[in-house]
Enquirer: 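Before I ask anything, let me first share the structure, which is written out below as structure tokens.
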There are 2 protein chains.
Amino acid sequence: MSLPHALLGLLAVEPRSGYELTKAFTAELGRYAWQAGHTSIYPELGKLAERGLVEVTEEGARGSRTYSVTPAGYAELRSWMLTPRRPAKVRNEQVLRMFLISALEPEDALTLLHGIADRSAAEGAELRRVLGEAPPEIPAGADGFGYLAAEYGLRQYDAVHGWARWAIEKLEARAGAESA
Amino acid sequence: MSLPHALLGLLAVEPRSGYELTKAFTAELGRYAWQAGHTSIYPELGKLAERGLVEVTEEGARGSRTYSVTPAGYAELRSWMLTPRRPAKVRNEQVLRMFLISALEPEDALTLLHGIADRSAAEGAELRRVLGEAPPEIPAGADGFGYLAAEYGLRQYDAVHGWARWAIEKLEARAGAESA
DNA sequence: TAATTCATGTAAATCGTTACATGATTAT
DNA sequence: ATAATCATGTAACGATTTACATGAATTA
């Protein structure tokens, strides 16, 4: 259960409300790393506050509460970040599909692989476009957040794309050899 | 909830018992794609059997039961494989750490990145060694399973390694600029 | 014959998602 | 005024994990 650490990490970068945290999980964070909805975030913030790892440092309009990490919270985050437990929790529906490709008929497998190749190329290009507008160095402090993540996403798309193209070639070679 | 599809996929490649399926989840499948333990696998097999998507095709020693996919089960698998639902479920503790790196002090961030770079290099090398012993073409049928997955893992390690080295360089450049 | 591995299961507790619910503020 | 967005929450259900439990077959 890594949700509490995800929240501590986001709040360590910058204090936020539950609502703002929720938005972070619908962006890249939720897309590549960890998903969570507001119905798990709000109760978890309550638990973290009870444990003294976060605290409400500001209350705003519409009953919004801005949370910050406490020193104890930062210590907990740091410990979790630097001591990876094995095995790490992994769950990725897309990757699962890739692992199961051999279960399909070759024709279906190729259809799926072409879809993966096309999508990874398109999303990589889009991300590259967005990154092209960003500064060439990592901005200091809170602005640096997302910079490393974006580059990770980019390399991820490239890796998936390369793999899909490779797999297509291999499958087509096999099909060719069989019909020959 | 992708567990039923993971099971259908594994059984479509080759009929297995719950025990054998459990072992598959502790190997690469569980490491990169989807985790599950025997306590969720056995009940799920029961549910799939009730729905007519799998059936027991063999009973062996020690009460073991070998399951196979039915035509209906294969149809369900195929449909799930070829129509990716958005957003896909993603949960990866290691990737989460990467996303939260900016929350750490630069010194801690570098420690973490060096650890990631070292581990991805070592695991990539090990996988490369294992793959070096494999045939250069995808084996037909059940033996082809794992071949695509292994190459995916390899490219994954390379991508993570490249990213970590890039991030280390960027962070060191920033640290240098600040102290200058 | 003792330890290990094979092989399956249940129960309780925890975690996560979906559906339901409310009200304040801002933009059109 | 109306719609959209901001902002928080609870309840019920479903999924997952951890702990508990059993016994057969194999290996040392």
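Chain letters run A, B, ... following the sequence lines, proteins first, then strands; residues in each count from 1.
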Enquirer: What's the CD-P distance between A/Glu59 and D/dA7, to the nearest Å?
Expert: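 About 13 Å, once rounded to whole Å.
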Enquirer: Can you tell me how far P of D/dT8 sits from CG of A/Leu45, to the nearest Å?
Expert: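 From A/Leu45 CG to D/dT8 P: 9 Å.
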Enquirer: Could you state the CH2-P distance from B/Trp34 to D/dA15, rounded to the nearest angstrom?
Expert: 11 Å
Enquirer: Using a cutoff of under 3.5 Å, can you pull out all pairs of nitrogen or oxygen atoms linking the protein to nucleotides 3-5 of chain D, with atom names and distances?
Expert:
none

Enquirer: When you measure from the side-chain N and O atoms of A/Arg91 to the phosphate of C/dG16, is any distance below 4.0 Å, counting only OP1 and OP2?
Expert: no
Enquirer: Send over the distance from A/His38 NE2 to D/dA7 C1', rounded to a whole Å.
Expert: 9 Å
Enquirer: Locate the shortest heavy-atom distance separating B/Phe25 from B/Ala36; write the atom from each residue and the value.
Expert: CB-O, 3.5 Å
Enquirer: Rounded to the nearest angstrom, tell me the gap between atom CZ in B/Arg65 and atom P in C/dA7.
Expert: 12 Å
Enquirer: Return yes if a side-chain donor-acceptor contact under 3.5 Å exists between B/Thr70 and B/Glu55, otherwise no.
Expert: no
Enquirer: Expressed as a whole number of angstroms, how long is the span from A/Ile41:CD1 to D/dC6:C1'?
Expert: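 To the nearest whole Å, that distance equals 15 Å.
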Enquirer: Which part of the nucleic acid, if any, lies within contact of B/Ser17, taking any heavy atom under 4.0 Å across all strands shown: a base, the sugar-phosphate backbone alone, or nothing?
Expert: sugar-phosphate
Enquirer: Quick one: the side chain of B/Thr39 and the base of C/dT10, do they pair up donor-acceptor inside 3.5 Å?
Expert: no
Enquirer: Rounded to the Å, how far apart are A/Glu93 CD and C/dT17 C1'?
Expert: 14 Å
Enquirer: May I ask you to check whether A/Glu93 and B/His5 show a side-chain donor-acceptor distance below 3.5 Å?
Expert: no
Enquirer: Give the rounded distance in Å between these two atoms: OH of A/Tyr42 and P of D/dC6.
Expert: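 These atoms are roughly 11 Å apart.
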Enquirer: Can you tell me which nucleotide in C/dC15, C/dT17, D/dT16 comes closest to the side chain of A/Lys47?
Expert: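 Out of C/dC15, C/dT17, D/dT16, the nucleotide with an atom closest to A/Lys47's side chain is C/dC15.
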